[in-house]
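Reviewing the structure listed below.
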Amino acid sequence: MQRGKLLYTGKAKSIYATDDPSLVLIHYRDDTSVGDGARIEQLENKGKINNQFNAFIMQLLQENGIETHFVELLSAEESIVKHLDMSPVECVVRNLAAGSMCRRLGVEEGLKLEPATFEFFLKNDELHDPMINDSLIETFGWASKQEVAEMKEQTFKVNDVLKKLFADAGLILADFKLEFGRSEGKMVLGDEFSPDGCRIWDAKTLKKLDKDRYRQQLGGVTEGYIEVAERLGMTLDLS
Ligand code: TMP
């Protein structure tokens, strides 16, 4: 399978058509950005790491009964996925408080959230991804009531599977963001799951091993991603 026409360029990935209209090719680039694209840099190997990280996680989720768009790895930095009609809604689950929750509610980073919280955000860089809710999603037509219920249920299922995966490797999955799209009348998990879109801490030292290393200029960004991948049992091809 080869790259066809460029369909979409995101901040870290490019989507290409393939010779099969039901499939698209995702190229994970080395670009990393903060501030909704205000600062962009290249981090060597990040595309390869995230592509292979995502493939590992999506396959595990599929084995656990969660339908995803992932079809196969094409190369170290490219994957073939099902072509979804994406909803602009982002689903965030938090097990521990961090990031925008701390700023919004004045709670301390690391506060245990039981039960885990669920938030919707609108994918919109110009508006800085505002928080939204079920009512706004339905009124503005970003997803139907049924689709909202499906996204929420699947996001919590993903949390159950991944919280355990990370805990077994001595890691804490503090929070994560998922995006869904429509395929054959169902909401299917799309986009990616990688350290770019979640918070992962070492369970003992609470060392940050995710994109917060970039946001907070802590250094060792891809080194953190690789450490997580290796601790989860992945063998990365970075050649
Ligand atoms: P937040 O604390 O900034 O609201 O983010 C919560 C989690 O979701 C964090 O792991 C980062 C991720 N996230 C994204 O990757 N992209 C987004 O647009 C949003 C809103 C969150």
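Ligands are counted one by one from 1 in listed order, and the atoms in each one are counted from 1 as well.
Using modelled atom types, one finds no donor on one side chain facing an acceptor on the other under 3.5 Å when comparing Glu78 with Tyr16. If you check the side chains of Ser79 and Asn51, you find a donor sitting under 3.5 Å from an acceptor. Side-chain contact, Arg94 with Ser100: a donor N or O sits under 3.5 Å from an acceptor N or O. Glu63 and Gln59 share no side-chain donor-acceptor pair at under 3.5 Å.
When non-hydrogen atoms are compared, ligand 1 lies under 4.0 Å from neither the backbone nor the side chain of Glu192. Contact annotation: for Lys123 versus ligand 1, there are no heavy atoms closer than 4.0 Å. Heavy atoms of Lys211 found under 4.0 angstrom from ligand 1: none, in either backbone or side chain.
Close N/O approach between Arg103 and ligand 1 is not found [any backbone or side-chain N/O within under 3.5 Å]. Of the polar atoms of Glu119, none of the N or O atoms is found under 3.5 Å from an N or O of ligand 1, judged by distance alone.
When each atom of ligand 1 is checked for a heavy atom of Asp129 under 4.0 Å away, the hits are 17 (C), 18 (O). Contact atoms of ligand 1 toward Cys198: 10 (O) (distance under 4.0 Å to a heavy atom of the residue). In the vicinity of Asp196, heavy-atom distances shorter than 4.0 Å reach the ligand 1 atoms 15 (O). Each of the following atoms of ligand 1 lies closer than 4.0 Å to a heavy atom of Gly99: 2 (O).
In this structure, the side chain of Asp85 does not engage the main chain of Gly181 through any donor-acceptor pair within 3.5 Å. Listed for the Arg213 side chain is a donor-acceptor partner under 3.5 Å among the backbone atoms of Lys208.
The closest protein non-hydrogen atom to atom 20 (C) of ligand 1 is Glu90 OE1, 3.2 Å. The protein non-hydrogen atom at the shortest distance from atom 9 (C) of ligand 1 is Asp175 OD1, 3.2 Å. The closest protein non-hydrogen atom to atom 13 (N) of ligand 1 is Lys177 CB, 3.5 Å. In terms of protein heavy-atom proximity, atom 5 (O) of ligand 1 is closest to Arg199 NH1, 3.7 Å.
In this structure, Phe140 and Trp142 have parallel ring planes: the angle between them is below the 30° cut-off, well short of the 60° mark.
Ligand 1 is approached by Arg215 to a heavy-atom distance shorter than 4.0 Å.
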